[in-house]
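Single-structure report; data block below.
Just so we're on the same page: letters track the sequence lines, and every chain starts at 1.
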Number of protein chains: 2
Amino acid sequence: MDVKTLCLAVLSQGEATGYEIKKAFEEGPFAHFQRASFGSIYPALSKLLAEGLAEAEAREQDGRPDKKVYRLTAAGRAAFHRAIGQEPEPDQLRSDVLFLLYFARELPKERVEALIDGYIASYRAQADRIEGCRAERAAAGAEIDPGKWLVSGFGVAVYRAAADYLASNRDALLRGLERPLEAAE
Amino acid sequence: MDVKTLCLAVLSQGEATGYEIKKAFEEGPFAHFQRASFGSIYPALSKLLAEGLAEAEAREQDGRPDKKVYRLTAAGRAAFHRAIGQEPEPDQLRSDVLFLLYFARELPKERVEALIDGYIASYRAQADRIEGCRAERAAAGAEIDPGKWLVSGFGVAVYRAAADYLASNRDALLRGLERPLEAAE
DNA sequence: CGCGATATATATCTATTCGATATAGGCCTT
DNA sequence: AAGGCCTATATCGAATAGATATATATCGCG
């Protein structure tokens, strides 16, 4: 999914500024499975304007420079529906922490300990964040969209599983590092 | 982690050609948490040569063009140890399938069904693949590196959790899609 | 026995994308 | 009142992905 499609998707949920689109990938509903940076969002929005898939309205603000609010056109909504007809590419995870832990033997034990403990905490925090959004949504009594519900639940389930696995294997890892060159029996 | 560091890491495990480095990210031990393409691996290897961190040896093959086998120098090993001293960046997952499932309501029910079933199957296949490598390693009776063991176990645990979550929420999703515009009560 | 598909192997090119940076006013905390 | 953070837009250079070109070998299938 290229950034143009990602912008179409965010705008399909309602009008937004470039900054707000960025936030949707940082702490919003897309945070745990897609990302995009300013350097790709702004060019993508320009292209959407040029192709007539979106329109922008400069909204005045007191003191601050104008906000530029983007909104999909009818052609934009059609383009979005074409885009979600495409075949998905395989998932990809990139984890520097797992990369470092893979080389745990080459690192000081205290660092390995700090890495794994921080990693567990960050997964727990992510799971809590998403669970908070879900509780809020459920409490509001609003209609629950089954797709969005499944996807946010996936985030919670996977992050919890990751944290639990790490928590229950942490000590074995650290113990394993204590006997540096012993052969397995 | 940039591709140069990734190449240093693979080469720290033994000499390899560019092609073999690519495979380490496709089906090798790094497959489930890092990736790199030819377009970044070959320029990275050239830079490593230029900086004296690696050396290459052209090995003749009958019929085929020469293989170019890369190997770390002492400086390369030192650079690798400096690199794994860096602070890791936060994990990032990119999943087109979750993106599509988020918009399940905008898709035909048969497609949602095919997407989720294929997704479950691919996670199960990944988990089986890694578990196979682990069983092989354990059966060989060789010394078990605790870092590598933890990281591969993480892959199995998380992939299984993902597949299980999807399998147990699949039917609820499809049922939810059947009553298109009913309000929750 | 040949056909196509797959695997080995290196390398480059273009378009995309990231991450850092520039700019600037307002708000909050110390 | 000073410094840091938040909102907000935008651009630039470097890194990267993905497609493509080239060449050969092997393997299964009819």
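Using a 4.0 Å cut-off, some side-chain N or O of A/T17 falls inside it from OP1 or OP2 of D/dT9. An OP1 or OP2 oxygen of C/dT16 is reached within less than 4.0 angstrom by no side-chain nitrogen or oxygen of A/S40. Between B/R35 and D/dG18 there is a side-chain polar atom (N or O) within less than 4.0 angstrom of OP1 or OP2. The side chain of A/Y19 places no N or O atom within less than 4.0 Å of a non-bridging phosphate oxygen (OP1 or OP2) of D/dT9. Between C/dC18 and B/R94, a contact under 4.0 Å exists linking OP1 or OP2 to a side-chain N or O. Residue A/R59 places no side-chain N or O under 4.0 Å from the OP1 or OP2 atom of D/dT7.
A search for side-chain contact (heavy atoms from CB on, under 4.5 Å) contacts involving B/S12 returns A/F103, B/L72, B/F80, not counting sequence neighbours. Residues that satisfy the side-chain contact (heavy atoms from CB on, under 4.5 Å) test with A/P29, not counting sequence neighbours, are B/Y102.
Rounded to a whole Å, the CD atom of A/E89 is 13 Å from the C1' atom of C/dT16. Taking atom NZ of A/K22 as the reference point, atom P of D/dA10 lies 15 Å away to the nearest angstrom. Going from atom NZ of B/K67 over to atom P of C/dA7 covers 17 Å, rounded to whole Å. Summarising the geometry, the separation between NZ on A/K23 and C1' on D/dC5 is reported as 13 Å, rounded to the nearest angstrom. Regarding A/Q92, its CD atom lies at a distance of 13 Å from the P atom of D/dT16, rounded to whole Å. Distance, A/L49 CG to D/dT9 P: 12 Å, rounded to whole Å. Summarising the geometry, the separation between CD on A/E57 and C1' on D/dA8 is reported as 16 Å, rounded to the nearest angstrom. Between the NZ atom of B/K68 and the C1' atom of C/dT8 there is a distance of 16 Å, rounded to whole Å.
Among the atoms of the strands shown, base atoms are found under 4.0 Å from some heavy atom of A/S37. Residue-level contact check: A/G18 touches the backbone only, with heavy atoms under 4.0 Å from sugar-phosphate atoms and none from bases.
With respect to A/E131 and A/R160, a salt bridge is recorded, a charged nitrogen being found less than 4.0 Å from a carboxylate O. Classification of A/K22 and A/E26 as a salt-bridged pair holds, one side-chain N sitting under 4.0 Å from a carboxylate O. Look at A/R124 and A/D164 and you find a salt bridge, because one of the NZ, NE, NH1 or NH2 atoms lies within 4.0 Å of a carboxylate O, short of that distance.
Residues B/F38 and B/K47 each lie close to DNA chain D; by heavy-atom proximity, the contact nearer the 5' end of the strand is made by B/K47.
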